[in-house]
Amino acid sequence: MSLVVQKYGGSSVADAAAIRRVAARVVDTVRAGNDVVVTVSAMGDTTDELIDLANEVTTAPDPREMDILLTAGERISMALLAMAINSAGIPAQAFTGPQAGVITTEHHGRARIIDVAPGRLQRALSQGRVAIVAGFQGLNQETQDVTTLGRGGSDTTAVALAAALGADVCEIYTDVDGVFTADPRIVPAARKLTRITYEEMLDLAASGAKVLMPRCVEYARRFNVPVHVRSSFSGLEGTWVTDGTEEGDDMEDPIIAGVAHDRSEAKITVTGVPDVPGSAARLFEAVARADVNIDMIVQNVSATNTGVTDISFTLPQASIPAAIAAIEGDHEGIGYAALATDDTIGKISLVGAGMRSNSGVSAKFFAALRDAGVNIEMITTSDIRISVVTRDADLEKGVKAVHTAFDLDSTEGEAVVYGGTGR
Ligand code: ADP
Ligand code: ASP
Ligand code: MG
């Protein structure tokens with residue numbers, strides 16, 4: 001008998017019919033002789049709608065109350081799924097994140113799982129029940145407050161439960177057939193990968209491929225949990241995310257795993273910064289005090305004899321107000337002339353472990369963007385990734401051009417997107 005952890009995303013539980021369809025799949029998995037623990041996201045776009053509602057009530061929702069509000073989304077879907085499975089004749093019990101023993105840090109809206117104490121889930125399994133767990137949430141033990149794990153956090157709940165229970169597999173059910181070489185919503189010619197390593201998946205996820213939350217991939221890699229990303233709408237085999245050392249696997253790795261895009265960042269440019277030791281430190285110390293995560297940084301060479309330079313960096317759009325306030329708060333100390341914000345940027349990233357041992361990848365990437373008429377504003381690289389910032393309006397064109405240039409386009413028809421609004 002195997003222990004299977006399944007996670008169903010928002011589009012897979014969007015309405016009553018979808019919940020009954022998911023219940024049937026869970027029942028089939030149980031009837032096939034498995035112990036099953038299921039974690040669910042909130043129905044459809046519920047989380048976004050709850051955030052919109054909070055923003056209608058106040059411009060600055062309190063983070064603690066916000067988490068109480070958002071965790072309600074997953075409580076609805078977990079209870080409905082447990083009811084649907086029960087009525088199909090298999091006993092099931094729903095548990096909130098705190099009831100399931102998910103212990104987190106105190107950071108509301110972006111808490112990290114520090115431990116899972118799955119006693120109640122194990123008891124339910126030993127009584128022959130399916131355990132349904134609300135994703136995306138946990139409990140901070142010091143404050144006894146409920147927390148949320150950040151957008152897409154149910155993926156991390158699933159992997160954390162799989163690790164704590166020693167599950168044989170963690171299945172992530174979503175609205176596409178697996179992990180593709182690019183987002184099928186913007187590249188219909190994207191190809192489904194049969195397998196991908198944790199390392200490459202982590203870079204794709206961190207570069208905006210929201211099919212898996214980056215922290216979920218980190219967690220899976222740390223505890224070596226095999227993750228199977230697949231569609232809840234089709235019976236097809238999906239993509240296996242593993243450490244890449246499976247037995248009998250002697251296939252040569254492709255150079256490129258995929259292309260990711262991200263529209264969630266913005267750029268701040270600080271002009272007229274004194275070109276002396278310590279300026280960048282002072283600027284980024286101010287930003288760090290505001291708890292803002294920055295991504296790319298570019299400092300221009302100072303024009304001759306001016307003694308000043310410009311520094312640009314990218315950050316999540318939601319962090320703009322905090323970053324601006326922090327920099328303005330140390331205007332004299334940093335000594336800059338002016339600040340400008342630009343939230344119409346996009347980021348395109350090419351990811352592949354084969355970049356380490358293949359020259360010419362960057363040249364081909366830049367040439368594809370040039371031929372598509374896409375201007376590059378910033379560049380960063382790691383050993384398995386190249387990312388560029390472009391105009392948001394050029395993003396789709398750029399992603400498609402790069403996908404084609406690296407021969408990633410499928411010859412087997414268009415990728416299917418079964419549901420979801422892409423929100
Ligand atoms: P869920 O609600 O199931 O968690 P998400 O919307 O969070 O689903 O993630 C699935 C979506 O991720 C897909 O519908 C697709 O648009 C997007 N996506 C982005 N990049 C990729 C990729 N490389 N492969 C597959 N899907 C991707
Ligand atoms: N419902 C949460 C979100 O929309 C968590 C998740 O879906 O994984 O981000
Ligand atoms: Mg998701």
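Atoms within each ligand, like the ligands themselves, are counted from 1 in listed order.
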Ligand-side contact atoms (ligand 1) for residue partner A209, heavy atom cut-off under 4.0 Å: 19 (C), 20 (N)

Side-chain heavy-atom pair N34, L3 within 4.5 angstrom cut-off: no

Residues that D291 engages under salt bridge (charged side-chain N to carboxylate O under 4.0 Å, His left out), provided they are two or more places apart: R110

Donor + acceptor pair across side chains of D67, T147 (<3.5 Å): no

Residue and atom name of the nearest protein heavy atom (relative to atom 4 (O) of ligand 1), distance in Å to one decimal: K7 NZ, 3.0 Å

For atom 8 (O) of ligand 1, closest protein heavy-atom neighbour: T174 OG1, 3.2 Å

Nitrogen or oxygen of K7 less than 3.5 angstrom from that of ligand 2: no

Geometric N/O contact T181 with ligand 1, under 3.5 angstrom: no

Atoms of ligand 2 close to R151 [distance to a heavy atom under 4.0 angstrom, numbered from 1]: 3 (C), 4 (O), 9 (O)

Shortest protein contact, atom 7 (O) of ligand 2 (heavy atom only): S41 OG, 3.0 Å

Rounded distance [0.5 Å steps], NZ in K7 versus OG1 in T157: 9.0 Å

N or O contact, D155 vs ligand 2, cut-off under 3.5 Å: no

Pair Y173 + F233: ring centers closer than 6.0 Å: no

Heavy-atom nearest option to atom 25 (C) of ligand 1, drawn from G44, G178, A205: G178

Proximal candidate to atom 13 (C) of ligand 1 [heavy atom criterion; set D183, V211, D175]: D175

Heteroatom proximity flag, G152 to ligand 2, N/O under 3.5 Å: yes

Under-4.0 Å heavy-atom contact with ligand 1, by part of P184 that carries it: side chain

